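These notes concern the structure reproduced below.
Proteins get letters first, then strands, A, B, ... in listed order; numbering begins at 1 in each. Quick caveat, the model's predicted, so the values are computed rather than measured.
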There are 2 protein chains.
Amino acid sequence: MHTQTANRSDAIRRSAVSSRNAAPVPKHQRDDAMDGHALEQSMQLMGAMMAYPRNSEIFGENEPADYLYKVVSGSVRTYKILSDGRRQIGGFYMPGDIFGLEFAYEHTLSAEAITDAKVLVVKRSTLNALAGHDASIARQLFALTACELRRVQDRILLLIKSAQERVASFLLEMSERVSGANSIELPMSRQDIADYLGLTIETVSRTLTSLECSAAIEVPTSRRIVLRNRLALSRMNG
Amino acid sequence: MHTQTANRSDAIRRSAVSSRNAAPVPKHQRDDAMDGHALEQSMQLMGAMMAYPRNSEIFGENEPADYLYKVVSGSVRTYKILSDGRRQIGGFYMPGDIFGLEFAYEHTLSAEAITDAKVLVVKRSTLNALAGHDASIARQLFALTACELRRVQDRILLLIKSAQERVASFLLEMSERVSGANSIELPMSRQDIADYLGLTIETVSRTLTSLECSAAIEVPTSRRIVLRNRLALSRMNG
DNA sequence: CGATGCGTTGATAACTTTCAAATTTAGTGG
DNA sequence: CCACTAAATTTGAAAGTTATCAACGCATCG
């Protein structure tokens, strides 16, 4: 089923690159990237730590994609502004996630800090050179790319579904990525969520209310969401 | 479904023989990788030419992604069946196009011949080995991947738009890819188009009718479409 | 305070799907 | 080659979903 694949790819990405992240990664999910933390260590070693204030730009569309980025703290969104003014969010990145991996010579998206964020920045050419010497780094870069592609494909599957399915999928995805626990602290606004899911903020808000009424979730504050009935949410994923 | 695998290994053995008769490659496919035809030539040389009848499976989801495929004649669709029975089409591939480039160890999509098709099949490991020796091949593989990723991202942008915008975009895309001319012969059914755009066949049909009424296109037969007003179609793209 | 930004809620309109039926096209056997 | 059946496409009417427009509540911050 669809949820399965989404969760799986997330887990792979996180297991490959994240270890300072508090959330423990179940063992079976590690098997996909067995060659340890070579990439992570390299990034720590060669990377520059940068601090970005809330809503500041990390890179812009059409800039050369010379760097790879790893979120250390805070969170990040990538996005694109369409000619009609609408904004499509490409993805959200949490501590441990790697972004900027667009596999082209220029960025096709812009990136901004959602909250104040610390980001490790590494020159791509450096990593490529390392990959030439260390096959485990090459494998991890390959695995990251495969994950990114799968993530984008999963989003396509998401976008052909109903509003309720999209929101439910989003909550499950965030739960996996932020903590794995039932209580989620969302770093992003309703508008961010709407632009990610291809909905309006009103529809997102109404859908959350409706999920709350059906006892699938609780919304103590607008940024905190508690999953009360995961099974019900999963069933909505088609 | 399973005959294919048997045929495949058969054909691979007599690979060098059958790869002589190559179809001309559309120009746009070349533009993406400037370092000549190294990759193309390698595929011709090392690939096995396979013939797939209409609607037959080329590979299935979850099979190991050991091969790369290049359409020589006919056309191909990749797709995924969702748990609710809906089908999402991942992409259409025309002569000259390369598919199966999913950048993971297993296919995440299935592939079928839309029409009777001839396909050049090359072992991925062979290409990787070649890429190790010939940087131009490596560059072309990289460029292909970047292209594929961008195509998927563009589709996300498509899926958040209205039915009219999706159909208009689809027609312009097909025009680019099939011939560049205004008259398009579509190899795929309305259902294929609908599953590609995340719409129903009725909506696709109605939208085409409406575009015809507004004189943007002509539909002499259901499979042939003539673009009468590209500008109008482009404007719909947002 | 009053202003401002964010989120929620309501009413209505626009759009897309669904279900049903008519029409055209394609394939098959006589 | 025609007739016939099956499949694909188009069209219509009704229902369902989401967007739009407008108003309201609720925090935060000068």
Taking five pairs at each end of the helix from C:dC1-D:dG30 to C:dG30-D:dC1, what angle separates the two helix axes (nearest 10°)?
-> 30°
Strictly by modelled atom types, are A:Y79 and A:E112 linked by a side-chain donor-acceptor pair under 3.5 Å?
-> yes
Provide, to the nearest angstrom, the distance between the CD atom belonging to A:E202 and the P atom belonging to C:dA13.
-> 17 Å
Within less than 4.0 Å of OP1 or OP2 of D:dA19, is there a side-chain N or O belonging to A:T203?
-> yes
Determine the contact category for A:L199: base if any of its heavy atoms lies under 4.0 Å from a base atom, sugar-phosphate if only primed atoms, P, OP1 or OP2 are that close, otherwise nothing.
-> sugar-phosphate
Any A:T200 side-chain N or O less than 4.0 Å from OP1/OP2 of D:dA19 | yes
Think A:S222 has a side-chain N or O under 4.0 angstrom from the OP1 or OP2 of C:dC6?
-> no
Among the candidates C:dT16, C:dT8, C:dT9, find the nucleotide nearest to the side-chain atoms of B:A163.
-> C:dT16
Scan B:T221 against the nucleic acid and name what it touches under 4.0 Å (heavy atoms): base, sugar-phosphate only, or nothing.
-> nothing
Find the distance A:E212:CD to C:dG7:P and express it as a whole number of Å.
-> 15 Å
Hey, does A:R223 reach any base, or is it just sugar-phosphate, or nothing, if we go heavy atoms under 4.0 Å?
-> sugar-phosphate
Name the residue closer to the 5' end of DNA chain C, choosing between B:T207 and B:R54 according to the nucleotide with the nearest heavy atom.
-> B:T207
Would A:R54 and A:D116 pass as an ion pair if we require N to O under 4.0 Å?
-> no
What is the distance, rounded to the nearest whole Å, between atom CE of B:M188 and atom C1' of D:dT9?
-> 16 Å
Distance, rounded to the nearest Å, where B:L211 contributes CG and D:dT9 contributes P | 17 Å
Whole angstrom value for the distance that separates P of D:dA8 from CG of B:L208 = 17 Å
A:Q164 CD - D:dA19 P separation (whole Å) = 14 Å
Geometric class of the A:F92/A:Y196 ring pair [parallel <30°, tilted 30-60°, perpendicular >60°] | tilted
Whole-Å distance, B:Q191 CD to C:dT18 C1', equals 14 Å
Rounded distance (nearest 0.5 Å) linking atom CG of A:D66 with atom NE2 of A:H107 | 7.5 Å
Sorted by chain and number, sequence neighbours left out, ring-ring contact (aromatic ring centres under 6.0 Å, His included) with A:Y52 holds for none
Take atom CZ of B:R190 and atom C1' of D:dT11, then tell me their distance rounded to the nearest Å.
-> 14 Å
Salt bridge B:K161-A:D84, side-chain N to carboxylate O under 4.0 Å | no
Taking only distance into account, with no hydrogens and no angle test, what donor-acceptor pairs under 3.5 Å do side-chain atoms of residues 197-205 of chain B form with protein atoms, sequence neighbours excluded?
| residue | atom | partner | partner atom | Å |
| --- | --- | --- | --- | --- |
| B:T200 | OG1 | B:T203 | N | 3.2 |
| B:T200 | OG1 | B:T203 | OG1 | 2.9 |

OP1 or OP2 of C:dT9 sitting under 4.0 Å from any side-chain N/O of A:R206?
-> no
